[in-house]
Trainee: 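Following this message is one structure expressed as structure tokens.
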Protein chains: 2
Amino acid sequence: MSGKFSDVEEIDRAIVTALTADGRLSYTDLAERVGLSVSAVHQRVRRLEQRGVIKGYTARVSYEALDLQLTAFVAIRPFDPSQPDDAPDKLAHLSEIESCYSVAGEDFYMLLVRVASPGELERLLQQIRTAANVTTRTTVVLSTPYEGRPPAVSASSTPE
Amino acid sequence: MSGKFSDVEEIDRAIVTALTADGRLSYTDLAERVGLSVSAVHQRVRRLEQRGVIKGYTARVSYEALDLQLTAFVAIRPFDPSQPDDAPDKLAHLSEIESCYSVAGEDFYMLLVRVASPGELERLLQQIRTAANVTTRTTVVLSTPYEGRPPAVSASSTPE
DNA sequence: TCTGAAAGATGTACGTT
DNA sequence: AACGTACATCTTTCAGA
């Protein structure tokens, strides 16, 4: 399992902050910022990756540029609540679904989906309903003031 | 402005797909995968960055490991709908807010927030309400079957 | 827009403290 | 744990097609 934050002390936090801000930072730059040698930083990054604190690296892309003009939240609940609930598995193959959260409240899951057009949203909702035997309640995103901001990696307790 | 997807043709799509899967891929590896020379790939990546198709690179982190154990959706609407609505600006300084979406429907905005504990969520909700003069409706995330999956960069029309 | 080459910068392993 | 060295690899630029 991934380590607790209490295992992640000051320098590691600086490394994580730097890499969330720029995932392609060189070890040389990283070393300068945190005040360690290149090899020490390299070792720490490897440990952070192994411990699962850093899960990977990605390019952030413009969804508009990729012709995914429509973002929406889709709240779902089972059509028949007595049946086994494995909606996430049944929906995983739909690549338009970016995220799937199990939530408290009236709905069972909240999905974040991205499609090209209203027509594609309609088609996707039909697929979701039939694939997982659920009803859907959709909230269309009109604009995105901000999104995916890096977490504030704040101070914490002692290293191990 | 960022380019339309119609400007992004096959090789660029392959590059974008590869970099969303691994944001730290070397140009050498990228070149091999897309079947171009290193310098050609390098040039294409630079153009994708300049055009805003690639907006940047980040490390994906484990929120649990960073002691952000509680994720929630916070739907907000103005307490007084007659006043000017600049909630996103007024909330931007709250680093616990990862994303802010303007949405259609009964609510005005949907926030995705991450905090350490229920106590911190309570404190954050108070801050949100007073900072933006809004009411909140919060949906707690119980678990996250999947999240932040890369978009399917599908086929598209002609390059420019 | 591609290629190939050359120079400098960086990644990575390893031995030392 | 961290450092410094050393070698392999990668990045970056440029001329040429």
Side-chain angles (χ1 to χ4, degrees), chain A residues 2-62 65-66 153 155-160, chain B residues 2-62 65-66 153 155-160:
Chain A
S2 57
K4 286 284 166 51
F5 186 54
S6 39
D7 304 342
V8 184
E9 48 71 61
E10 189 168 358
I11 295 179
D12 284 345
R13 277 186 270 127
I15 291 173
V16 168
T17 300
L19 285 176
T20 53
D22 180 359
R24 275 183 89 90
L25 263 186
S26 70
Y27 293 109
T28 309
D29 283 351
L30 255 184
E32 238 173 76
R33 298 198 191 193
V34 305
L36 281 185
S37 70
V38 171
S39 44
V41 167
H42 193 217
Q43 188 180 229
R44 275 171 179 266
V45 170
R46 259 200 308 251
R47 257 198 304 128
L48 287 167
E49 289 168 353
Q50 280 173 193
R51 282 200 281 163
V53 177
I54 295 175
K55 297 203 273 188
Y57 304 88
T58 52
R60 290 182 301 110
V61 300
S62 159
L66 297 177
V153 181
S156 90
S157 38
T158 49
E160 57 195 28
Chain B
S2 58
K4 287 283 168 50
F5 185 54
S6 39
D7 304 343
V8 184
E9 48 71 62
E10 188 167 0
I11 295 178
D12 284 346
R13 276 186 271 127
I15 290 174
V16 168
T17 300
L19 285 176
T20 53
D22 180 359
R24 274 184 89 92
L25 262 186
S26 70
Y27 294 111
T28 308
D29 283 350
L30 258 183
E32 237 172 77
R33 297 196 192 194
V34 305
L36 281 186
S37 69
V38 172
S39 44
V41 167
H42 191 212
Q43 189 179 225
R44 276 170 178 267
V45 171
R46 259 199 310 248
R47 256 196 307 126
L48 288 167
E49 289 168 352
Q50 282 172 191
R51 283 199 280 162
V53 177
I54 294 174
K55 297 204 273 189
Y57 304 88
T58 51
R60 290 183 300 109
V61 299
S62 159
L66 297 177
V153 181
S156 91
S157 39
T158 49
E160 55 197 28

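Residue numbering restarts at 1 for every chain, and letters A, B, ... go by the order of the sequence lines.
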Trainee: Which nucleotide in the set dA2(D), dT10(C), dC2(C) lies at the smallest distance from any side-chain heavy atom of Gln43(B)?
Mentor: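 The nucleotide sitting nearest to the side chain is dC2(C).
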Trainee: Tell me whether the guanidinium CZ or amine NZ of Arg24(A) lies under 6.0 angstrom from the six-membered ring centre of Tyr27(B) and within 45° of its axis.
Mentor: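 Flagged: Arg24(A) positioned over aromatic ring of Tyr27(B).
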Trainee: For Tyr57(B) and dT11(D), give me the distance from atom OH to atom P, rounded to whole Å.
Mentor: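 Going from OH in Tyr57(B) over to P in dT11(D) covers 11 Å.
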Trainee: Using every non-hydrogen atom in the two residues, find where Arg44(A) and Leu36(A) come nearest and quote the distance to one decimal.
Mentor: NE-CD1, 3.5 Å
Trainee: Among dC2(C), dT13(D), dA1(D), which is the nearest nucleotide to the side chain of Ser39(B)?
Mentor: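 Closest nucleotide to the Ser39(B) side chain: dT13(D).
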Trainee: Find the distance Asp29(B):CG to dC10(D):P and express it as a whole number of Å.
Mentor: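 Those two atoms, CG and P, are 7 Å apart.
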Trainee: Choosing from dA1(D), dT12(D), dC10(D), which nucleotide comes nearest the side chain of Ser26(B)?
Mentor: dC10(D)
Trainee: Measure CG/Asp12(B) against C1'/dT1(C) and give the value in whole Å, please.
Mentor: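 Atom CG in Asp12(B) sits about 11 Å away from atom C1' in dT1(C).
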Trainee: Which part of the nucleic acid, if any, lies within reach of Ser37(A) when heavy atoms closer than 4.0 Å are counted: base, sugar-phosphate only, or nothing?
Mentor: base
Trainee: For His42(A) and dG11(C), is the shortest distance between a side-chain N/O and OP1 or OP2 below 4.0 Å?
Mentor: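 Checking dG11(C) against His42(A), no side-chain N or O comes under 4.0 Å of OP1 or OP2.
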Trainee: What's the CG-C1' distance between Leu30(A) and dA2(D), to the nearest Å?
Mentor: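 Spelled out: CG on Leu30(A) to C1' on dA2(D) is 16 Å.
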Trainee: Please state how far atom CG in Leu48(A) lies from atom P in dA1(D), giving the value in whole angstrom units.
Mentor: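 Result: 12 Å.
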Trainee: Side chain of Thr28(B) only, please: which of dA2(D), dA13(C), dT11(D) is the nearest?
Mentor: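 Looking only at side-chain atoms, Thr28(B) lies closest to dT11(D).
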Trainee: From the options dA2(D), dC2(C), dA13(C), select the nucleotide whose nearest atom is closest to the side chain of Ala40(B).
Mentor: dC2(C)
Trainee: Expressed as a whole number of angstroms, how long is the span from Leu36(A):CG to dA1(D):P?
Mentor: 12 Å
Trainee: Looking at Gly52(A) and Ser62(B), what are the two nearest heavy atoms and their distance?
Mentor: O-CB, 3.1 Å
Trainee: For Ala14(A) and Val34(A), which heavy atoms make the closest approach, and how far apart are they?
Mentor: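 Ala14(A) and Val34(A) have their closest heavy atoms at CB-CG1, 3.8 Å.
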Trainee: Without decimals, in angstroms, what is the distance between Arg24(B) CZ and dT12(C) P?
Mentor: 8 Å
Trainee: For dT1(C), does OP1 or OP2 lie under 4.0 Å from any side-chain N or O of Arg46(B)?
Mentor: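 So the side-chain polar atoms of Arg46(B) never come under 4.0 Å of the phosphate oxygens OP1 or OP2 of dT1(C).
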Trainee: So that I can tick it off, tell me whether Arg51(B) and Asp12(B) are bridged by a salt bridge, with the cut-off set at under 4.0 angstrom between side-chain N and carboxylate O.
Mentor: yes
Trainee: Tyr27(A) side chain: which of dG11(C), dT12(D), dC2(C) is closest?
Mentor: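 Nearest to the side-chain atoms of Tyr27(A), counting from C-beta on, is dG11(C).
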